[in-house]
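Written below as structure tokens is the structure these notes are about.
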Amino acid sequence: MASTQPRATITAVERFLPERILSNKDLEKVVDTSDEWIRERTGIAERRILDGEPTSYMATKVAQGLLRRRGCHADDIDLILVATITPDMVLPATACLVQDQIGASKAWAFDLLAACSGFVYALVTGAQFISSGAHKRVMVIGADKMSAITDPHDRSTCILFGDGAGGVLLEAAEDGSGLIDFEMHADGSGRDDLHVRGGGSAYPATHESVDEGLHFIRQEGRTVFKFAVQRMAEVSLSLLQRNELTAQDLDLFVPHQANRRIIDATANRMGLASEQVMTNIEHVANTTAGTVPIALSEALDEGRLKPGNLVQLTAVGGGLTWGSALLRWGNAA
Ligand code: COA
């Protein structure tokens with residue numbers, strides 16, 4: 001039976017990338033690596049670095065851009081959701097800082113932590129408040145300042161990450177567009193594969209924790225790589241199948257940008273043609289919760305998103321977490 005609930009559709013998309021570029025050549029001066037190795041093993045040529053400002057700076061720029069694009073006022077926003085693993089501080093939530101900085105006096109606001117799956121998790125969460133009729137306008141932002149938690153001397157991670165933010169405005173669809181379906185997963189038994197141990201209640205910040213670098217992100221690169229390819233393809237195909245669709249029906253597949261080889265292997269398993277897949281990892285790198293909305297925003301600017309298009313967003317990240325959202329594109333600004 002068809003649902004009578006309104007679908008949440010994306011009515012505006014925005015991104016923010018800091019100005020400073022950190023190239024592979026720059027990294028060659030800090031760690032034992034090469035431009036050639038990084039390009040070949042990851043597809044990344046450069047990443048952006050935010051100097052002197054916290055994550056909320058980027059998230060606020062995105063929020064202001066969403067209001068401008070949609071032509072609405074901060075008081076029209078009911079809820080602000082920020083997906084991040086690099087909040088400005090443990091307390092308060094970065095979403096509250098954004099709420100204050102844009103003057104969204106009627107909005108409630110909270111952060112959501114699902115690492116690289118954060119934006120897809122937050123999108124699906126925010127959409128529920130639109131579908132239920134509780135809210136008219138929900139802002140969903142993915143923002144991470146990865147340079148704040150990346151060990152500049154760890155060559156297995158410092159080459160992968162960058163800083164950036166993106167976001168969308170969700171409203172009830174009037175044109176049949178919007179979130180069709182989603183499938184989300186978590187498996188906390190993979191907690192050791194990708195983590196930032198220090199600074200929480202398990203390992204509160206001490207001189208020792210900082211000396212040991214527990215405040216930096218660490219990962220089992222090969223394990224995460226294999227997991228990402230398997231799970232991204234699996235969840236994407238499963239979601240398509242239960243909606244009686246195939247990969248060939250997709251106009252655009254927007255995957256989390258972790259590694260070009262992960263994206264290519266996922267697309268290959270799904271049987272997607274390269275024109276169906278959005279990639280921008282070469283110049284943006286992995287911005288964690290920022291990747292999917294930044295890619296969506298670039299795709300829109302490049303004319304790759306048209307009303308009526310079938311779009312799939314899929315991500316995997318620490319937790320471990322993974323999930324996919326299927327949408328009919330509307331008329332987003
Ligand atoms: N430059 C040069 N050599 C490097 C290097 C670098 N930046 N990083 C690792 N190496 C070396 C390793 O030390 C290893 O050398 P050895 O064979 O002498 O031991 C060799 O390259 C191969 O290492 P390996 O870890 O097998 O490389 P890889 O092809 O798996 O690539 C990653 C490493 C990290 C790029 C890759 O595993 C990856 O992208 N994993 C997923 C990580 C991720 O996406 N995390 C976020 C998830 S959302």
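In each ligand, atom 1 is the first atom listed, and ligand 1 is the first ligand listed. Residues take their numbers from the sequence shown, with the count starting at 1.
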Less than 3.5 Å apart, N/O on ligand 1 and N/O on the protein: could you list those pairs with the distances?
{"unit_1": "ligand 1", "atom_1": "1 (N)", "unit_2": "T33", "atom_2": "OG1", "d": "2.7"}
{"unit_1": "ligand 1", "atom_1": "3 (N)", "unit_2": "R155", "atom_2": "NH1", "d": "3.4"}
{"unit_1": "ligand 1", "atom_1": "7 (N)", "unit_2": "T33", "atom_2": "OG1", "d": "3.1"}
{"unit_1": "ligand 1", "atom_1": "7 (N)", "unit_2": "R155", "atom_2": "O", "d": "3.0"}
{"unit_1": "ligand 1", "atom_1": "13 (O)", "unit_2": "R155", "atom_2": "NH2", "d": "2.9"}
{"unit_1": "ligand 1", "atom_1": "26 (O)", "unit_2": "R222", "atom_2": "NE", "d": "2.4"}
{"unit_1": "ligand 1", "atom_1": "26 (O)", "unit_2": "R222", "atom_2": "NH2", "d": "2.7"}
{"unit_1": "ligand 1", "atom_1": "29 (O)", "unit_2": "R41", "atom_2": "NE", "d": "3.0"}
{"unit_1": "ligand 1", "atom_1": "29 (O)", "unit_2": "R41", "atom_2": "NH2", "d": "2.7"}
{"unit_1": "ligand 1", "atom_1": "29 (O)", "unit_2": "R261", "atom_2": "NH2", "d": "3.0"}
{"unit_1": "ligand 1", "atom_1": "37 (O)", "unit_2": "G221", "atom_2": "O", "d": "3.3"}
{"unit_1": "ligand 1", "atom_1": "39 (O)", "unit_2": "N259", "atom_2": "ND2", "d": "2.8"}
{"unit_1": "ligand 1", "atom_1": "40 (N)", "unit_2": "G221", "atom_2": "O", "d": "3.0"}
{"unit_1": "ligand 1", "atom_1": "45 (N)", "unit_2": "Q219", "atom_2": "OE1", "d": "2.7"}

Flag if over 12 foreign heavy atoms under 6.0 Å of CD, Q248: yes
Taking ILVMFWY side chains as joined if any heavy atoms are under 4.5 angstrom apart, and letting links pass through other members, which residues group with L17? V284, I294
The residue among R47, K61, M58 that forms side-chain contact (heavy atoms from CB on, under 4.5 Å) with P18 is M58
Above 12 or not: heavy atoms from other molecules or residues under 6.0 Å from CZ of R242? yes
Between K145 and D88, is there a salt bridge with N-O shorter than 4.0 Å? no
Check R197 with E212, please: is the shortest side-chain N to carboxylate O separation under 4.0 Å? no
